[in-house]
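Numbered from 1 within each chain, the chains take letters A, B, ... in sequence-line order.
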Number of protein chains: 2
Amino acid sequence: MASLDRSLIAGLSIFEGMAAADLDRMVGQARSARIAKDHLIFEQEQDAHSFFLLLDGHVRVVRSTPEGQDVTVRYISPGELLGIAHALGRATYPANAIAAVDCVVLAWPSQLWPTFAANFPSFTANTYKSVGTRLQDAHTRVVEMSTEQVEQRIAHALLKLVKQSGRKTEEGILIDFPISRQDIAEMTGTTLHTVSRLLSAWEGQGLVKSGRQKVTVVEPHRLLLVAEGRVEKG
Amino acid sequence: MASLDRSLIAGLSIFEGMAAADLDRMVGQARSARIAKDHLIFEQEQDAHSFFLLLDGHVRVVRSTPEGQDVTVRYISPGELLGIAHALGRATYPANAIAAVDCVVLAWPSQLWPTFAANFPSFTANTYKSVGTRLQDAHTRVVEMSTEQVEQRIAHALLKLVKQSGRKTEEGILIDFPISRQDIAEMTGTTLHTVSRLLSAWEGQGLVKSGRQKVTVVEPHRLLLVAEGRVEKG
DNA sequence: CGGCCGCTTGATGCAGATCAAGCCGTGTGG
DNA sequence: CCACACGGCTTGATCTGCATCAAGCGGCCG
């Protein structure tokens, strides 16, 4: 294994406020791994042996129901933690984590968590702050599902993805990993058919451009109007 | 103010593992308050000056949308913390907290949180464990809203309330605080009309008994079958 | 005693799921 | 290097669960 170096992680906001020596100590206990596209990083219900930091790539976190329906909980971007079940008092992973593209992660054994929590207070505080954000996000999503039409939910989902992983191109802002109609449906509690129809309609109005596993938002501002339900349907 | 005593809080699971002296230290910095039914304990968007422990009563936590629709995030039972925005890196409360009945709370100024977090590690760990549970609950709710019919969601909601605040009576298990059709609708993303129709139907089948702001689950086991969608409609 | 709040119940409408059929681009194996 | 199979997408037709609209009831509280 190539030796790991604190330069991998210094500068990530989750490590903000940590001394260089402490960063070295953390990196020293990590192993790195590459995960090929479409492979699992961890699996729902399984023993939460490790927690992870995504260094490169994009990860989809999916909860599967007993009936076999999948619901996407969130997408993880580089610099974020995942699989921190132990920090939240759980012994198993609550969902599947799937590499949306080839990924690189750092992994620590879960039993190190208590030591890290005791010795690296800013890391701990930063982690819980991000857990707080996730809790807010989850509640926001419950509110959206309770009060908004499908059209608004899909618009909100695209805007969230754009904010999180948008890359500027000459056509607009591209969501920077492969994402299918089905994936968007699983984020918004609808079907790929409805997503397809709406994207087609929006493409007709010049709001977005999209293709096979690819979505570019051309007019974020007008899409936001749709998301907020402040637009009449043509 | 009557003097507060650690016997108020010793024995609550959130304080498990704490020394008596530390409990005294925490209680010593709290003030207690009574909140009359239907009054706000804290308000969405306002400065999160305090966090609270519910000693007695029941609290409804509600997010209001800009359009004025309300979504119930959760119900709080005695022994639970609420308003811990600061612990999650937020400066304002994310929702309204409304006393469902007359309540008694302990309140601590939010600026004490960092001290508590530094000095009372088991309290901190217990708190984050319960935050973890809330995050799981929120995700479960997103999954339910994405995959289940209204009928199943309402059944699940009633079973959750029964588990959390059920009181055995001769007729069945009573949800132990006033809860209206509208309240249940706000928990499940539906309308009071639909809730009313379903409760009437279930009453006809002997599954529940209900009246003005009152629901008793007569046959939890059969209601669970409904919740899991394993029952054909008569 | 009267008004209001919580509840019930019928009638109607519609957003979006489901059913169905076919297209296109891409990667693969012959 | 081509064919073809498969995965992702589109688009029409139909169906339906639940919201919405509408009206009225009853009991609790002031």
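Nearest-nucleotide positions on DNA chain C for Arg197(A) and Arg212(A) put Arg197(A) closer to the 5' end.
Between Thr194(A) and dA17(C), a side-chain N or O to OP1/OP2 separation shorter than 4.0 Å is present. Note on Ser200(A): every side-chain N or O is 4.0 Å or more away from OP1 and OP2 of dC9(D). The phosphate of dA17(C) has OP1 or OP2 within less than 4.0 Å of a side-chain N or O from Thr190(A). Dashed line: the shortest gap from a side-chain N or O of Ser196(A) to OP1 or OP2 of dT11(D) is not under 4.0 Å. For dA17(C), one of the phosphate oxygens OP1 or OP2 lies less than 4.0 angstrom from a side-chain nitrogen or oxygen of Thr191(A). The shortest distance between the side-chain N/O atoms of Arg181(B) and the OP1/OP2 oxygens of dC7(C) is below 4.0 Å.
Protein atom NE2 of His193(A) is 16 Å distant from nucleotide atom C1' of dT16(D), rounded to whole Å. Gln149(B) has its CD atom 14 Å from the C1' atom of dC15(D), to the nearest Å. As rounded to whole Å, 15 Å separates atom C1' of dC9(D) from atom CD1 of Ile179(A). The CG-P distance, from Leu192(B) to dC5(C), rounds to 14 Å in whole Å. One can place NZ of Lys209(B) at 16 Å from P of dC7(C), the figure rounded to the nearest angstrom. Remark: P of dA15(C) and CD of Gln152(A) are 13 Å apart, rounded to the nearest angstrom.
Between Glu144(A) and Arg153(A) there is no salt bridge, since none of the side-chain N atoms of the basic residue sits less than 4.0 Å from a carboxylate O of the acidic one. Using a 4.0 Å cut-off between charged side-chain N and carboxylate O, Asp102(A) and Arg34(A) make no salt bridge. Remark: Glu80(B) engages Arg74(B) in a salt bridge, criterion side-chain N to carboxylate O under 4.0 Å.
In this structure, the helix from dC1(C)-dG30(D) to dG30(C)-dC1(D) shows an angle of 30° between the axis at its start and the axis at its end, each fitted on 5 base pairs and rounded to 10°.
For Lys160(B), the NZ atom is densely surrounded, since the number of other residues' heavy atoms within 6.0 Å is greater than 12.
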